[in-house]
Amino acid sequence: MAQAQRDIEQLRMSATLALDEAVDKVRLVSPARAKALAGLGIFTVRDLLHHFPRRYIDLSSKETVRSARIGENCTIEGVIHDIRLKRPKPKLQLVEIDLVDETGILLITAFRQPWLMDSLSKGMRLAVAGKLEFNFGYKRMTNPFIEVLGDANDAAGMVIPVHPATEKISTAWMRRLIANALEKTVGLYDPLPVDLRIKRKLMSKGTALARIHFPQNILQAQQARQRLAYEEILNLELFLIRNSKEREEGKTPVQHNVQGKFMHALEAVLPFALTGEQAAARDDILREMAANKVMNHLLLGDVGTGKTVVAAHAVAAVADSGGQALFMVPTEVLAQQHGKSLGQLFDAAGIISEVVTGSTPASEKAAIAERFAAGTIDVLIGTHALLEEGIVPKNLTLVIIDEQQRFGVDQRARLLEKGEAPDALYLTATPIPRSLALALFGNLTLSYIKEKPYQTPPRKTKVYSKEHRGFAYDAAKEALARGEQVYVVCPLVGKSTEERNSKAVGKKMFEEAEDDALYPAISIENDADLREDNIAAASKEAAFLQEHVFVDYTIELLHGKMPASEKQAVMERFRSGEVQVLVATTVIEVGVDVPQATVMIIEDADRFGLSQLHQLRGRVGRGSLPGEVYLISAAKNEVALSRLAAMESSDDGYELAAFDLSLRREGDILGNRQHGVSALKLVNVVRDGELIEMAHADAVDLLEKDPELAAPEHRALAREVRLLFKDETVKGG
Ligand code: ADP
Ligand code: MG
């Protein structure tokens with residue numbers, strides 16, 4: 001190799017290694033700044049380069065005050081002519097700015113951001129972005145996004161990246177530091193093999209990093225994002241797939257007999273015929289169980305789609321193969337329920353089952369454990385109690401986890417460890433798209449059940465604004481007059497969605513860049529119905545309804561803080577019809593079944609996730625009578641309204657969940673317990689479904705050709721995966 005060539009290689013290697021140096025090796029990162037960066041989770045040069053812009057301000061498409069059109073989102077550049085702090089009400093502070101350009105004056109009002117007085121002053125050049133309004137004779141913007149221009153760096157490009165910043169490090173400083181980090185890593189090796197880059201038409205990593213931070217135009221930023229997102233997923237997929245291969249190494253998968261006598265016996269005793277979807281799911285599962293590989297199968301279906309009976313077939317295959325199954329469910333109630341319904345089926349088919357939960361007496365548990373260890377029990381159904389050390393199967397060949405999203409990765413792993421290489425079947429009612437499943441599990445087969453096995457009566461959903469909620473009360477009164485019953489789900493106390501979103505509204509134009517603020521927080525704390533202030537609000541609501549609306553009927557209140565016996569008594573009175581209107585916090589979500597209840601009114605509906613609303617409304621229209629659901633909301637912003645509109649137009653839990661998911665980030669839904677998602681910074685698992693599929697296919701392909709990623713052209717990639725996931729071990733799922 002010529003000396004020059006060697007020098008280049010040397011430089012490229014040190015640029016690559018620089019990625020994992022401490023961030024204080026970057027020019028201008030003082031100890032104080034390093035500390036501030038650490039607060040953002042930035043410790044290395046790589047972390048800094050992966051601190052991606054939240055949005056971009058596109059000055060190439062900016063308007064002047066005169067050309068900007070009222071009602072539209074736009075960017076306007078100008079100089080501060082005047083700035084003042086006002087206090088129209090004791091508790092309200094607002095900053096007013098007169099911004100001028102060569103064509104006119106723009107009035108800016110910024111609510112609740114008094115600190116702008118410190119950071120802005122007369123004569124400064126600003127770019128502001130937001131919706132243009134017109135009143136009292138002036139063009140105006142309320143709470144626009146404001147960026148100070150004037151740094152020479154900024155003026156260079158027509159697109160200004162806006163990185164997440166802190167009090168200590170402004171966006172301008174962030175740009176400077178990132179530019180310096182980029183400088184340090186110029187020429188770094190691209191972990192993606194060349195043929196993959198050519199096949200997927202991806203720019204080099206160095207270019208992508210430079211362009212995502214400092215694009216010339218928005219298109220460049222998008223392409224760079226695409227390339228880096230692809231790499232994120234490819235890395236994760238490689239890790240997940242290799243990890244699960246390692247787990248199975250040297251172990252012999254069970255090839256189940258799926259056409260034995262227990263299977264036939266089960267089919268003979270089923271009280272109903274499986275639906276087409278159920279049969280297809282059963283076939284998917286049995287095919288996997290018969291194959292010479294370890295099954296990793298996810299069965300997805302809304303509540304009530306009949307997943308349990310499909311899983312029963314997997315158990316029959318186990319019995320036919322001389323194996324054993326563990327069937328884990330998240331709650332005692334569910335364990336008993338399965339024990340009863342499945343137990344009957346199994347009994348009739350000659351399959352031996354038992355139930356173990358936390359409340360099973362010790363002596364009984366010991367006796368069951370002994371029989372299980374001896375191999376005389378085919379399937380053990382139970383809660384977390386199944387994880388106990390005393391539960392030792394003789395020959396575990398299948399693990400079933402119901403409501404798998406309720407279990408952590410390590411719990412799944414512990415159950416799997418009770419056998420050598422058991423097949424795994426996960427059931428879930430959380431409708432996650434295939435792309436997300438792949439992102440979480442790497443290699444996984446899936447079946448979906450979309451339709452319920454039986455006909456449900458029609459249900460209609462209607463959204464009313466707060467002012468019009470009288471219409472909902474009228475409908476409820478009509479139902480009561482027919483002898484039917486009504487649920488009222490109470491508003492929740494706390495900051496309203498409207499307040500939380502007000503900041504986001506002005507930013508809508510930067511759709512190209514992903515922006516957390518655009519996807520409003522729409523989760524409800526699980527324990528919302530336990531909070532004192534919510535309970536107080538619910539009591540008030542109940543009193544109001546009794547006094548002013550449902551005067552002739554009996555109203556009672558149900559909330560999470562009530563003692564179980566009291567809850568039961570209230571539910572009993574509602575079920576019997578003694579109480580006609582039940583005012584409740586979200587406690588009614590779980591397992592309430594009153595066929596005469598046909599109307600549900602949900603206050604502040606915009607505060608609930610769509611899946612939660614869907615579950616709630618599942619409480620009406622359960623008997624033979626059609627249901628009516630009224631969603632009341634004071635929301636004005638587009639995102640909230642479009643979510644509620646989706647509730648009106650769709651009665652499909654899957655569709656709704658996918659829609660909801662597309663509005664927020666996966667972390668909000670899965671929490672942090674799910675492994676892997678934290679590795680995805682740029683990827684949105686719903687919107688990037690295609691990209692995920694692509695990267696998944698490429699990862700499978702790569703590992704088929706080069707399982708250890710040992711070829712010279714794969715070494716950089718192998719190193720990257722190792723570095724990224726060095727602290728992570730996935731045992732389960
Ligand atoms: P989930 O998918 O929520 O776990 P379940 O398995 O509990 O649903 O099934 C819901 C109900 O539907 C049960 O009462 C079950 O017996 C019934 N069911 C399941 N499959 C069928 C079918 N093919 N025909 C009629 N009823 C069915
Ligand atoms: Mg179930």
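Indexing begins at 1, ligand by ligand and atom by atom, following the structure's order. Because the structure is predicted, anything quoted here is derived from the model rather than measured.
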Does the distance from a Lys or Arg side-chain N to an Asp or Glu carboxylate O, for Glu417 and Arg414, drop under 4.0 Å?
no
Does atom NZ (Lys251) have a neighbourhood of more than 12 heavy atoms from anything else shown, all under 6.0 Å?
yes
Check: of Glu277, Gln278, Lys452, min heavy-atom distance to atom 20 (N) of ligand 1 comes from Gln278
Any Pro271 heavy atom less than 4.0 Å to ligand 1
no
Protein contact to [atom] [nearest heavy atom, distance to 0.1 Å]:
atom: atom 2 (O) of ligand 1; value: Lys307 NZ, 2.8 Å
atom: atom 3 (O) of ligand 1; value: Gly304 N, 2.6 Å
atom: atom 11 (C) of ligand 1; value: Tyr454 CE2, 4.2 Å
atom: atom 16 (O) of ligand 1; value: Phe272 CE2, 3.6 Å

Will you find, in the side chains of Asp284 and His297, an N or O donor that is under 3.5 Å from an N or O acceptor?
no
Got a protein heavy atom sitting under 4.0 Å from atom 13 (C) of ligand 1?
no
Under 4.0 Å from atom 6 (O) of ligand 1, is there any protein heavy atom?
yes
Looking only at distances, please establish whether an N/O atom of ligand 1 is found under 3.5 Å from an N/O atom of Gly306.
yes
Answer yes or no on whether Arg412 is positioned over the face of Tyr426, meaning its NZ or CZ is under 6.0 Å from the six-membered ring centre and within 45° of the axis.
yes
